[in-house]
2 protein chains.
Amino acid sequence: MGQHPTPDDDFPSYLTDQQLRKGIEAMFFAYRGFTADPDRILTKYTYGRAHHRAVHFINRNSGTTVNNLLHVLGVTKQSLNRVLRTLLRDQLIESRIGLRDKRERHLFLTKAGAELERELSQAQRQRIRNAYQHVGPEAVAGFHKVLEAVMDPELRCHFTSLKDDDNE
Amino acid sequence: MGQHPTPDDDFPSYLTDQQLRKGIEAMFFAYRGFTADPDRILTKYTYGRAHHRAVHFINRNSGTTVNNLLHVLGVTKQSLNRVLRTLLRDQLIESRIGLRDKRERHLFLTKAGAELERELSQAQRQRIRNAYQHVGPEAVAGFHKVLEAVMDPELRCHFTSLKDDDNE
DNA sequence: TTGGAAAGTCAACAACACTGACATAAAATC
DNA sequence: GATTTTATGTCAGTGTTGTTGACTTTCCAA
């Protein structure tokens, strides 16, 4: 059921349930490795993955609004607010009232925040760099293709656009 | 710093910090998509991702011990025990005392458990299948290569061995 | 027989998500 | 100008999933 004993052009071997399950497990184990290094660092600061994500996206898109961050991270404002509050308290980010629209808060990393971001992303980049170097550019291209195809379409636009609209 | 303006053979363009950051974000967004379908289904049963993982690995390696599952999942026995207890209570799994070693508990899916596993993995496989079909076999091969390289080495062995040792 | 491994349990705690309700300020619209 | 909508923040409560620490039971093996 779902399996196919004799793979042909209609049912290539890389689409068997067995291969798909293999891919699912690979994602699970790889994501563990992917987050392992930042997680280790974050415990030093009594922060969690949520702080890492916030800091990452504020760095990537400096001056982003709370609302925009909300949609990118896919969490509720209450959940995000808890994280932002501690980051503000610890002066890792700062929040500036929008000039054009004074309801909006634009988020920026402070110097300390940028340092933490660097520490976190450096560890993560090192692991990815090692993996990329090990497998070569063709495999990396395939990796990116598959990941993009696995994303939800509405999230894909957040990913493909490295620069967003909002800055004052 | 870390960047390289003129990519050459020593510093190919696919290893720039920019490209690595892109890969990191791709992993983040793709993992969200990867778990979205099972998460939706799990809320119907008031279960979470931890239940999915347990059911997946018990199905993959029927008769596995609690201790083995512990290492594969990378959680504490207290955390796993909470999940297993509810799955046992709801008769989705059953636990049999080991014949050779009576301290060990070997875990099996019940019929209902196998049904849940199928429902969860089917949704997940469908997404992966669509992605694989969309990008083609070469990209998929690259995808697998990168994921395996990103894993922690001690987790990689759990992944590569589809069959484990323990059965009575 | 004693030591230690495997399994299970209890309690307490923390991170991080959720819902729902409410408040404030400002923009947009009627 | 009054009303509605939007953006943000906050409070309270809840649930899942992880942690540590302490303790017990079972049982294999030296």
Side-chain angles (χ1 to χ4, degrees), chain A residues 28 31-32 35-36 38-55 58 63-90 93-107 165-166 168, chain B residues 28 31-32 35-36 38-56 58 63-90 93-107 166 168:
Chain A
F28 171 66
Y31 198 77
R32 283 255 296 281
T35 56
D39 282 353
R40 250 190 303 279
I41 295 167
L42 286 159
T43 54
K44 290 195 306 185
Y45 303 90
T46 60
Y47 289 150
R49 242 175 244 184
H51 299 85
H52 182 193
R53 291 197 280 260
V55 164
I58 293 170
T64 185
T65 63
V66 173
N67 208 29
N68 185 42
L69 203 51
L70 229 58
H71 290 117
V72 172
L73 294 174
V75 295
T76 58
K77 63 171 180 174
Q78 294 91 329
S79 194
L80 177 58
N81 190 258
R82 194 197 311 122
V83 171
L84 293 181
R85 218 183 318 173
T86 66
L87 291 174
L88 282 165
R89 182 200 61 193
D90 300 347
I93 65 173
E94 59 178 309
S95 150
R96 300 181 202 153
I97 292 172
L99 300 181
R100 214 182 39 201
D101 186 335
K102 288 174 189 165
R103 291 170 303 179
E104 294 179 341
R105 302 297 144 91
H106 297 265
L107 302 169
D165 38 1
D166 45 6
E168 302 258 85
Chain B
F28 171 67
Y31 199 77
R32 283 255 296 281
T35 56
D39 282 353
R40 249 190 305 278
I41 295 166
L42 286 159
T43 54
K44 290 195 304 181
Y45 303 90
T46 61
Y47 288 149
R49 242 176 244 183
H51 299 85
H52 182 193
R53 290 198 280 264
V55 163
H56 168 91
I58 293 171
T64 186
T65 62
V66 173
N67 205 34
N68 185 44
L69 204 51
L70 230 60
H71 290 116
V72 171
L73 295 173
V75 296
T76 58
K77 63 174 177 173
Q78 293 90 332
S79 193
L80 177 59
N81 189 257
R82 197 194 304 123
V83 170
L84 293 181
R85 215 183 318 170
T86 67
L87 291 174
L88 281 165
R89 181 200 60 194
D90 301 346
I93 64 174
E94 58 178 310
S95 150
R96 300 182 200 153
I97 293 172
L99 299 182
R100 215 182 41 202
D101 184 337
K102 288 174 188 165
R103 290 168 303 180
E104 294 179 340
R105 302 297 143 93
H106 296 265
L107 302 168
D166 45 6
E168 302 259 49

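What you see is a predicted model; the values in this text were computed from it and never measured. Here is the naming used below: chain letters follow the sequence lines, and residue numbers restart at 1 for every chain.
Residue B/Ser79 places none of its side-chain N or O atoms closer than 4.0 Å to OP1 or OP2 of D/dT17. In terms of phosphate contacts, B/Arg53 brings a side-chain nitrogen or oxygen within less than 4.0 Å of OP1 or OP2 of D/dG18. Distances shown here put a side-chain N or O of B/His51 below 4.0 Å from the OP1 or OP2 atom of D/dT17. Of the side-chain N and O atoms in A/Asn67, one or more sit less than 4.0 angstrom from OP1 or OP2 of D/dT8.
For the pair A/Asn81 CG and C/dA15 C1', the interatomic distance rounds to 16 Å; values are reported in whole Å. The interatomic distance linking B/His71 (NE2) with C/dA6 (C1') rounds to 11 Å, in whole Å. Taking atom CG of residue A/Leu70 and atom P of nucleotide D/dT8, one finds them 8 Å apart after rounding to whole Å. The distance from atom CZ of A/Arg49 to atom C1' of C/dA14 is 15 Å, rounded to the nearest whole Å. As a whole-Å value, the separation of A/Arg105 CZ from D/dT10 P is 9 Å. The distance from atom CG of B/Leu87 to atom P of C/dG8 is 13 Å, rounded to the nearest whole Å. Spacing between atom CG of A/Leu42 and atom C1' of D/dT19 amounts to 16 Å, rounded to whole angstrom units. If you measure from atom CG of A/Leu84 to atom P of D/dG9, you get 7 Å, rounded to the nearest angstrom.
Panel note: side chain A/Arg96, backbone A/Gly63; no donor-acceptor pair is recorded below 3.5 Å. Side-chain atoms of B/His51 come within 3.5 Å of backbone atoms of B/Gly48 as a donor-acceptor pair (strictly under, hydrogens ignored). Between the side chain of A/Arg32 and the backbone N or O of B/Leu73 there is at least one donor-acceptor pair closer than 3.5 Å.
Nearer the 5' end of DNA chain C, as judged by each residue's closest nucleotide, is the contact made by B/Ser95, out of A/Gly74 and B/Ser95. The residue among A/Lys77 and B/Lys77 whose nearest nucleotide of DNA chain C lies closer to the 5′ end is B/Lys77.
Nearest to the side-chain atoms of B/Lys102 among the listed nucleotides D/dG21, D/dC27, D/dT17 stands D/dC27. Among D/dG18, C/dG8, D/dT16, the nucleotide with an atom closest to any side-chain atom of B/Thr46 is D/dT16. Side-chain atoms of A/Thr76 lie closest to C/dT19 of the nucleotides C/dT19, C/dT9, C/dC22. Picking from C/dG4, D/dT5, D/dT17 the nucleotide with the shortest atom distance to the side chain of A/Arg103 gives D/dT5.
Put simply, the side chain of A/Gln78 and the base of D/dG13 share no donor and acceptor less than 3.5 Å apart.
If you check every strand for non-hydrogen atoms under 4.0 Å, A/Arg85 touches sugar and phosphate atoms only. Among the protein residues, A/Arg82 comes within range of the nucleic acid bases, having at least one heavy atom under 4.0 Å from a base atom. Contact annotation for B/His52: no contact, since no heavy-atom pair falls under 4.0 Å across all strands.
Ring-plane geometry between B/His52 and B/His56 is classed as perpendicular, the angle between the planes exceeding 60 degrees on a 0 to 90 degree scale with a lower cut at 30.
Here the CG atom belonging to A/Leu70 is positioned 8.5 Å from the CD atom belonging to A/Gln78, to the nearest 0.5 angstrom.
Side-chain contact between A/Glu104 and A/Ile97: absent, with no pair of heavy atoms (C-beta onward) separated by less than 4.5 Å.
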